[in-house]
Every structure is written in structure tokens, then in C-alpha cells.
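Shown next, in C-alpha cells, is the structure this report addresses.
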Number of protein chains: 2
Amino acid sequence: MPYDPSEFPAFAVTVDLVVLTVRRHALCALTVRRGEEPFRGQWALPGGFVRAEEDLASAAARELAEETGLRAQDSDSRPADAHLEQLATYGDPSRDPRMRVVSVAHLALAPDLPAPTAGGDAGGARWMPVSKLLGGQDQASEEGLAFDHARILADGVERARSKIEYSSLATAFCPAEFTVGELRRVYEAVWGVALDPRNFHRKVTGTPGFLVPVGGTTTRQGGRPAQLFRAGGATELNPPMLRPEV
Amino acid sequence: MPYDPSEFPAFAVTVDLVVLTVRRHALCALTVRRGEEPFRGQWALPGGFVRAEEDLASAAARELAEETGLRAQDSDSRPADAHLEQLATYGDPSRDPRMRVVSVAHLALAPDLPAPTAGGDAGGARWMPVSKLLGGQDQASEEGLAFDHARILADGVERARSKIEYSSLATAFCPAEFTVGELRRVYEAVWGVALDPRNFHRKVTGTPGFLVPVGGTTTRQGGRPAQLFRAGGATELNPPMLRPEV
DNA sequence: CTAATAGTGTCTATTAGACACTATGTA
DNA sequence: TACATAGTGTCTAATAGACACTATTAG
């Protein structure tokens, strides 16, 4: 196959973001209101074009910062505000009615933010419960997300749900310092199940390198003061945290 | 951000394939010899441009068929020859010196093929042991793969290694009918470890839906005749097959 | 016979899951 | 006081890993 720049079709390449957080015991995704056709007025995932001299990860980090103010690990060596990873790429020829667009979706996990959104290029932005966005396949069509974003969101949610099983990624949903109970509520919100607090406590505190005690305590959840921890260096969780209802 | 087709940069989009198989107790990848600059004469992963009206998965299946003759599940309802899934997307601005190319890499797992390659658009094609292609970081530079293909291959190998832990994907490396011992040798080759044949047998035959006895036996591995199985419908492997040396 | 692989059984240390109980804060 | 959450201990059923033993072929 000859390699002539004029012989292959030109594509637009975008990054779309599945930004997840846990708010009031519910897994939520960041959505933006579309200001233009097509799908004007509908909710969509945040995203935008990759620039001419920009890496895919950089483009995703830039969009994340524009929409939320969150800093992914990229910039310098300070601890990141959010976890960011590539999710999958969507390139159905008919996914955008205007032109051929290939979207490299990324998954971002962030702690609950005080301000729901910051300035971006989108009109309105909101955290919406994932159950609302994806619940009932038919509901997806009436109030659904634009383009193939429901599919992308579903893939991102499934990635998050499975990845917290065998990694310490759930701590990305927590602030820098958190309690065992708060971490447990993250698992419960993401999986939509109830976990035994005592077994959970034994499991996470017994896994070396997962949690590092930071010294203080807090009563922000009520009840007896709970120890504060920060995420340890361990990224793999072995043996994994098992999702119930197998 | 205005959505004007003339305002965004144009990208070329390709699919690259990490095609893995197990040959003579070694995990091997399909490589093709480059006939043109850049990297002329070096080995590379098979791949090619996505066509104007082609889905990404279709492009990957087409390239796989062109290079190996293998049929992924796409075409019709017959059982597929090979497993094919999207791996990740690589879009560093400098990954191709000629132009901006975004490559959507795919991972294919195939049984050992009698003919190493079939007709394709590449000059020579070979199965090369993964350990040769990736062993010793410095060795990668002298006899290494073109572009960022060493990185792509490493990601694909890691995906395969982790995915056979918790799925029945290892059967994609086996012919339609296989023995427990042959399946065990797949795990041993992919992970590069030795597994206890007795515990392995108990594990796989005790997981419902993983293996379905097909009735016959074979002595193609020598020794006592072994039952033949085919892959069952179960795709998830729960509890997972544990990789030793944790 | 030996050598090879297939397949079953048994023992033990570990652990997930269930749950009783105590500790320490707020209303 | 009642009530919330935090944290520890104990019991049991399941299982991964180690390994003894038998079965059935080829040479």
C-alpha cells in the first residue's frame, strides 16, 4: 500500500471525557448542554478537537481542566487532582452526521467537587446521576445523551466498576484524606450494593500499601471519630475486592 | 468552539494489529517486514489505513483477514477463527515522521496456524517470539520494531496476560477442540510460568460453563489419552485463574 | 520394562462472609 | 438517654496450593 498523504481519507479526531464522581451516595457523570446542532439542547459528554501538535493524553487533560479545573498528573510532580486514563476509541462512520469523526474517549475519576463546574466552552454543565443517564434503555432515547455518548458513558462506568475491584482506583473518588467508611461508601455507590462495614474495614486495612494512616481523625460522618488515611503507593489490589452478587 | 470542518486539523487514522499465538511453547506475535521508508527493512506490526466509510472494528477485521486469512466474528454467525478486540489508541504527534497519524491498535488472539502467513500487502510476514521482540530494553533499539510498535506490542501482551486470568480468552489460542493439558500449556506460554497440572485440571473442569466435553480423546501430546473439550459459553472466569508469583 | 501425560484424592493454610460485641462521638 | 458510625474478634464454609497416587498410552 503506497503511503501518499493524498491517498487516505482525512479524519477529525476528538477526545470525549467520561468524568465520574460520587455525590450524595450516587455515581455521577459530568455532562454539558449542547449549544449547537446537531443534538442542540441535549446533554453530551464534554470533549473537543485534538489540536495539530497535541498528544491524545494532553488533549484529554486540557479538556478536563477546561471543564472542571481539575489537574491530571501530567503537568508537574505534585499529586494529581484526578485520575485520567484512555478508555476506548469510537469511529463508526455515522456517529457524527456532519463528517467523519473518530473520538478517543478518556475516563476521569474525581473527588466530589464543591463547585459543580468551572468555566469552559460549553454553555451549561452539570453532574448527572449515571442511573438517570443510563437507566432504562428506552429512557435513553427520550432524554438521552447526544451522539453515541450513552454507549461511551456505559463503557466508562463499566471500566470504573471493574477496575476498583483489583486496583486502588477507588481512592481517586476520595479527597486527599479520607476515612475507611468514606472509601466504603464510594464502593457502594459505584457498584450500587451494600458492603459489610466490618469485613470491608478488615480487608482494606489489611492490604499492605493500600491505605496509609495520616494521624488525625474526623467525625464528619457522625458517630465515633474515624481515622484519616491517604492513598498508599500500591496501585494493584491483590487479592481483589470482590463485588457481591456473583 | 465552532464546528467548522475547515477549522480542525486533519488526521490519518490507521489500525495496527497485535496478533498473538502460541507456537512451540512460546507466545509469538505476527510481524511484517517494512518495504518502504521510514523504517524500511525493519519489522513492524501489520496494519493499514481505515477507509472512508469503514468502521474501526471492520478495518481491523479486514486487515487481520488480509494478513492471516483468519475471520473474526464479524462476517456471519459461524464461530470465529480468532478473537479480536480493540486495544488502545496511539496518537503522539511525532510517532510517524511523515504526518499526523492516529493508530487504533487492536488485539487478536489466534490458534497456531499451519501456514505462518497468507497473502497480504506486506512483503514478508513472520511469527516472532514476543520475548525476542520485547526482551531487554536495549535490544529493542537495535533490532526493534518500527514506530512505537514495541510499546503497542507490550500493551497488547499485557492485556492478553491479564485477561486470561479472569476470562475464558485463553481458549482463543486453542483449536476448536483441545485438551486440558493443551489449555494449560497456553497459560504457561503466555505467562511464562509452570502450573501444577493437577490443580489446573481441577480448576478448569470445576468452573461451570468453561469447558464442554466433546466426547473423543486424543493422544497427540503423548501419554494417556486425554479428553477433548471445546470452549463453553462462559466468558467470565469467576473465581479467576491466579497467576503465580504474587 | 520406562517414560510420558491424564486424571483423582487428600491435607493444610488462608480467606471471604456472616455476625456478636465494644468504643466513642452527637443530639 | 438514644443513635450513629468506628473498629475488633470469632466462627464456618470454601478454596488455592502442595503433593501422593493411579490410569493409559508409546516406544
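Remember, it's a predicted structure, so these values are computed and weren't measured experimentally. Quick note on labels: first sequence line is chain A, next is B, and so on, each numbered from 1.
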Problem - Spacing between B/N238 atom CG and D/dT15 atom C1', to the nearest angstrom - result: 13 Å
Completion exercise
Testing C/dG25, C/dA6, C/dG7 for proximity to the side chain of B/R184, the answer is C/dA6
Completion exercise
Of the candidates D/dA16, D/dA6, C/dA16, the side chain of A/L242 sits closest to C/dA16
Problem - Touch class at under 4.0 angstrom, heavy-atom based, for B/R220 against every strand present - result: nothing
Handout entry: From B/F173 atom CZ to B/L109 atom CG, the distance as rounded to the nearest 0.5 Å
Key = 4.0 Å
Practice task
Would you mind reading off the distance between A/L228 atom CG and D/dG7 atom C1', rounded to a whole angstrom?
Solution key: 15 Å
Handout entry: More than 12 heavy atoms from other groups under 6.0 Å of CZ on A/R24
Key = no
Completion exercise
Regarding the side chain of A/A226, the nearest nucleotide among D/dT25, D/dG7, D/dT5 is D/dG7
Practice task
Classify the nucleic acid contact of B/P197 as base, sugar-phosphate or nothing, counting any heavy atom under 4.0 Å across all strands shown.
Solution key: nothing
Exercise for the section: Would you mind telling me which residue lines up with the more 5' stretch of DNA chain C, B/T179 or B/N199, judged by nearest nucleotide? Expected result: B/T179
Exercise for the section: Compare every heavy atom of A/L20 with every heavy atom of A/A160, then report the nearest pair and how far apart it is. Expected result: CB-CD1, 3.9 Å
Completion exercise
Closest to the 5' end of DNA chain D, once B/R224 and B/P240 are matched to their nearest nucleotides, is B/P240
Practice task
Any chance you could measure A/L134, atom CG, to A/R151, atom CZ, to the nearest 0.5 Å?
Solution key: 12.0 Å
Completion exercise
Here the distance between atom C1' of D/dG7 and atom CZ of A/F229, to the nearest Å, is 10 Å
Problem - Earlier contact from the 5' end, DNA chain D, for A/G222 and A/T205 - result: A/G222
Completion exercise
Using Watson-Crick geometry (N1-N3 plus N6-O4 or O6-N4) or G-U wobble (N1-O2, O6-N3), each under 3.5 Å, D/dG27 is paired with C/dC1
Exercise for the section: Measure the distance from CZ on B/F200 to P on D/dA18 and round it to the nearest whole Å. Expected result: 15 Å
Exercise for the section: State yes or no: are the ring centers of B/F178 and B/F229 separated by less than 6.0 Å? Expected result: no
Exercise for the section: Would you kindly give the CD-to-P distance between A/Q221 and D/dA6, to the nearest whole Å? Expected result: 7 Å
Exercise for the section: Respond yes when some side-chain nitrogen or oxygen of A/R243 is under 4.0 Å from OP1 or OP2 of C/dA16, and no when none is. Expected result: no
Practice task
May I ask you to verify if any side-chain N or O of B/H201 is less than 4.0 angstrom from the OP1 or OP2 atom of C/dA6?
Solution key: no
Practice task
Give the rounded distance in Å between these two atoms: CG of A/L211 and C1' of D/dA6.
Solution key: 14 Å
Practice task
Indicate whether OP1 or OP2 belonging to C/dT10 is found under 4.0 Å from a side-chain N or O atom of B/R198.
Solution key: no
Handout entry: Interatomic distance, A/E165 CD vs C/dA16 C1' [rounded to whole Å]
Key = 14 Å
Fill in the blank from the handout: Among C/dG17, C/dG7, C/dA23, the one nearest any side-chain atom of A/R202 is C/dG17
Handout entry: Distance in angstrom units between A/K203 NZ and D/dG9 P, rounded
Key = 18 Å
Problem - Axial cation check for B/W191 ring with B/R161, 6.0 Å and 45° limits - result: no
